[in-house]
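Chain naming here is simple, since letters A, B, ... match the order of the sequence lines and numbering starts at 1 in each. Only this structure's heavy atoms are used, side chains among them; waters, hydrogens and symmetry mates stay out.
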Number of protein chains: 2
Amino acid sequence: MFEIIAEPNRRAILSLLVSSQQSVGEIERQLRMPQPTVSKHLRVLREAGFVESTVDAQRRLYRLKPEPLQEVDAWLAPFRRFWSAHVDALERHLDRMDQLTQTKRKTRRRR
Amino acid sequence: MFEIIAEPNRRAILSLLVSSQQSVGEIERQLRMPQPTVSKHLRVLREAGFVESTVDAQRRLYRLKPEPLQEVDAWLAPFRRFWSAHVDALERHLDRMDQLTQTKRKTRRRR
DNA sequence: CCTTTATATACCTTGACACGTATATGCTCT
DNA sequence: AGAGCATATACGTGTCAAGGTATATAAAGG
């Protein structure tokens, strides 16, 4: 999963698809990427469940599937807790600084 | 950035550090990973700004830095919008189904 | 000082993967 | 049926990164 989105071209493709579905040719043109490259990355993305495709005559329309990226999001959850805890700690620290300094200069930090 | 967290051992190290700072040896033991491997991954993580270290006698204590993972989180933002839009669409769809069926059977989906 | 402990680095080998080029598959339209 | 377009796949090549083993650096303690 993480290996998949480690590849810059694949991330570019995913970012393209977030707005709407696209054919291979459209992706190829917008990203200025040789067609076999696009097809191969799409294959990887499809097999990993990041995208799915439907047939439209000779074209294939690719669109995003949410699940894998949601798992990435889920993996990030503990870290989000970590850094928001840090912001809290920083705020408490600043508040304490505030307590200490407000006796000297009579201004107060806004909340 | 994405390349960094694509490596499973590095993700394991990051997950360890989310609870509290750890020395190289502690990481080595908890993850059952040879020491040079740990050191090399920590170097990569440090140079990419995912962790920082302080010296404690012969030990080095490594702790998380939030910024890089926050950037990953930021990259995910558009996709979060994408899939919550989809949940919304699904809900609207179910509500419409509800409208259509409630005339036949007199029960109503709970909100 | 010398040994032990903790961590970092050097070197080598191996495997995976991304790319380019060429070619195959498949659909459409005349 | 044949030409042309859209997409997929096959193959050969180069690069890079991870792992293992050995060794270097450095601090602690007797």
Student check: side-chain heavy atoms of A:Val38 and A:Asn9 closer than 4.5 Å
no

Any side-chain heavy atom of A:Phe82 within less than 4.5 Å of one from B:Leu14?
no

Checking only heavy atoms, does the side chain of A:Gln35 share a donor-acceptor pair with the base of D:dA8 at less than 3.5 Å?
yes

Separation between CE (B:Met33) and NE2 (B:His41), nearest 0.5 Å, reads 6.5 Å

Nearest-angstrom distance from the residue atom CD1 of A:Ile27 to P of D:dA6
14 Å

Any side-chain N or O of B:His41 under 4.0 Å from OP1/OP2 of D:dG19?
yes

Rounded to the Å, how far apart are B:Leu45 CG and C:dT7 P?
16 Å

Nearest-nucleotide check on DNA chain C, B:Val38 vs A:Asn9; residue mapping nearer the 5' end is B:Val38

For C:dT9 and B:Arg43 - does any side-chain N or O of the residue sit under 4.0 Å from the phosphate oxygens OP1/OP2?
yes

B:Arg60 (side chain) donor-acceptor with B:Ser23 (main chain) under 3.5 angstrom:
no

Hey, does B:Ser39 reach any base, or is it just sugar-phosphate, or nothing, if we go heavy atoms under 4.0 Å?
base

With A:Arg10 as the cation and A:Phe50 as the aromatic partner, state whether NZ or CZ is under 6.0 Å from the six-membered ring centre and within 45° of the axis.
no

Expressed as a whole number of angstroms, how long is the span from B:Phe2:CZ to D:dC16:P?
21 Å

How long is the line joining CG of B:Asp56 and P of D:dA27, in whole Å?
13 Å

Taking only the side-chain nitrogens and oxygens of A:Arg60, find out if one of them lies under 4.0 Å from OP1 or OP2 of D:dT7.
no

On DNA chain C, more 5' by nearest nucleotide between A:Gln58 and A:Arg10 is A:Arg10

Sugar-phosphate, base or nothing in reach of B:Pro34, heavy atoms under 4.0 Å
sugar-phosphate

Between C:dA10, D:dC11, C:dA8, which nucleotide has the shortest distance from any of its atoms to the side chain of A:Lys40?
D:dC11

Can you check whether A:Thr37 has a side-chain N or O nearer than 4.0 Å to OP1 or OP2 of C:dG20?
yes

For B:Met33 and D:dG20, give me the distance from atom CE to atom P, rounded to whole Å.
10 Å

For D:dA8, does OP1 or OP2 lie under 4.0 Å from any side-chain N or O of A:Tyr62?
yes

A:Arg29 CZ to D:dA6 C1', in whole Å, measures 10 Å

Side-chain-base donor-acceptor pair under 3.5 Å for B:Glu3 and D:dA17:
no

Which is it for B:Leu69 and A:Trp75 under the side-chain contact (heavy atoms from CB on, under 4.5 Å) test, yes or no, and what are the steps along the way?
CA-CA 11 Å; B:Leu69 283 174; A:Trp75 181 81; 3.9 Å; yes

Round to a whole Å and report the spacing from CD of A:Glu26 to P of D:dA6.
11 Å

What is the distance, to the nearest angstrom, from the CD atom on B:Glu47 to the P atom on D:dA17?
12 Å

When you get a sec, tell me which of C:dT7, D:dA28, C:dA8 is the closest nucleotide to the side chain of B:Arg46?
C:dA8

